[in-house]
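Residue numbers run from 1 in the order of the sequence given. Just so it is clear, the model here is predicted, and its values are computed rather than measured.
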Amino acid sequence: MEIKLDRDDFINQYPPFNLINSKAVNGIFKKEGMHVYVHLPFCKNKCGYCYFKSFDEFTDETVKAYLAALKREVSIYSQMAEVQSKKVRSLYFGGGTPTLLSCAQLEDLTHHIKGSFDFNDDYEFCVESNPDKETATKEKFDLLKALNVRRISFGVQNFNEAVLRLNGRYNNLDEFYRIYGMAKDSGIEVRNIDIMSGMIGETSGNWRAVIDKLIELAPENIAFYKIELYYNTKLFEKTRKNIHDTPLMSNREEIELIKYAYDRLQDEGRYTVTSCFNLAKSRRQEHLHRKGIWEGDDMIGFGLSSHSCFNRHLYQNAWNMKDYLQAVSSQRLPIKRAYFISMRDEIASAMVYGVKSLEMSRQGFIDRFGFDMTVLYGDTIGLLEEKGFLQLTRDSLKVPREYYIFADDISRKFFLPEHETMMLAHLARA
């Protein structure tokens, strides 16, 4: 490289000033998107495998105090300039069991949130619902529809009550089928069913029946989660003490089941795989909340133990109810711990979530970071291409269909070196 040392030009602007143009004017004050998650940690019964912060023993007064604190937390955020510069693309009520709240409570909380932030006209509103007759009623579904809920998500997990009970879940399936029909009749556009693979007591015959039922019900979305027994769950303790005679199936056995599910749902059910664990009837019904976060949008999580990714920080709220209530009552954000997201983290995250999304645009990567992904990851992509795990084209990086279910394994190759080993927080399988 040759450099002329003649002091010929004084640089006072970079990028060069002559790049500015009239087309970019409209983007100067455009609000960036963000997503809102609200944690409602109350359940009728806590499932044996559940590792989220939730309670199945509480009083009406506890719920009222918590909802009042949630509204105060929302109000604190709504006054921040950093939040006022955003526009909400999705609102997600999770838990716990959000539909355990009364109609009046759901309506009050929703109106408070919608009155506190600027929302896109086409925002997605999703609410999780436990399929039992006490918390999922026609009146409640009609209200959710009136509140502009677009997506309802049912944690069914299996269509065999004996298998559910072995895993500490007590759905009545006849109730679910009736409730599922009510959700459809209410006019809520997208119904999602969560299914767990590899549950204790699962068999290949029962699994085939589960997929039969999914094809028959034809929900707009399906999400598959591999059951993992985390150390803070009831089921972990029972399994560790050998209370169950049936052990967890091996990874290899679970792989065969999930491959069967994905093949049948794509070929027979006419589903499109939209991420490594989501299938949808059409791309239009893809889960915007998940998609937006994976694409790098900011997200604020409200409530006990909630996680957020906002303003280049990953952070978590207090997970002790007393600490959470005290912080918010003192007009303080209840944030307990945080991590600054470096540019290295952000770029690696884009690759990880891009692989988990099964396809990522090369131009989209350039628009976001200013260079092609092959500049940093050319060697890694090349090695994964040789093994058939990825396909690099002029326009995109894709995971081939036969490796959809292994996207988590493939994406680990893009972890930063200091993140390559992660602490195992759940019971290992054979």
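Ion pair K281/E220 not flagged as a salt bridge, since none of the NZ, NE, NH1 or NH2 atoms sits closer than 4.0 Å to an Asp/Glu carboxylate oxygen. A salt bridge is absent between K291 and D297; no separation between the charged side-chain nitrogens and carboxylate oxygens falls under 4.0 Å. The pair K138-D142 meets the salt-bridge criterion, since a charged nitrogen lies less than 4.0 angstrom from a carboxylate oxygen. A salt bridge does not link E295 to R368: none of the charged nitrogens lies less than 4.0 Å from a carboxylate oxygen.
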Working note: V74 + F117, criterion side-chain contact (heavy atoms from CB on, under 4.5 Å); need CA distance, chi angles, decisive distance, verdict.
CA-CA 9 Å; V74 167; F117 306 117; 3.7 Å; yes

Would L376 and F414 count as a side-chain contact (heavy atoms from CB on, under 4.5 Å) if you check the C-alpha gap in whole Å, the side-chain angles of each, and the deciding distance to 0.1 Å?
CA-CA 10 Å; L376 279 183; F414 297 98; over 6 Å; no

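Of the residues listed (K46, K44, K234), the one engaging D56 in a salt bridge (Lys or Arg N to Asp or Glu O under 4.0 Å) is K234, and it is the only one.
Considering only residues two or more places apart in sequence or on other chains, D174 meets the side-chain contact (heavy atoms from CB on, under 4.5 Å) condition with N172, Y177. With sequence neighbours left out, the side chain to side chain donor-acceptor pair (under 3.5 Å) criterion links K336 to no other residue.
Taking the ring axis of Y180 as reference, the NZ or CZ atom of R191 stays within 45° of it and closer than 6.0 Å to the ring centre. Stacking of K87 on the aromatic ring of F119 is not recorded, the 6.0 Å distance cut-off and the 45° axial limit not both being met.
A distance of 12.0 Å separates CG of D323 from OG of S305, quoted to the nearest 0.5 Å.
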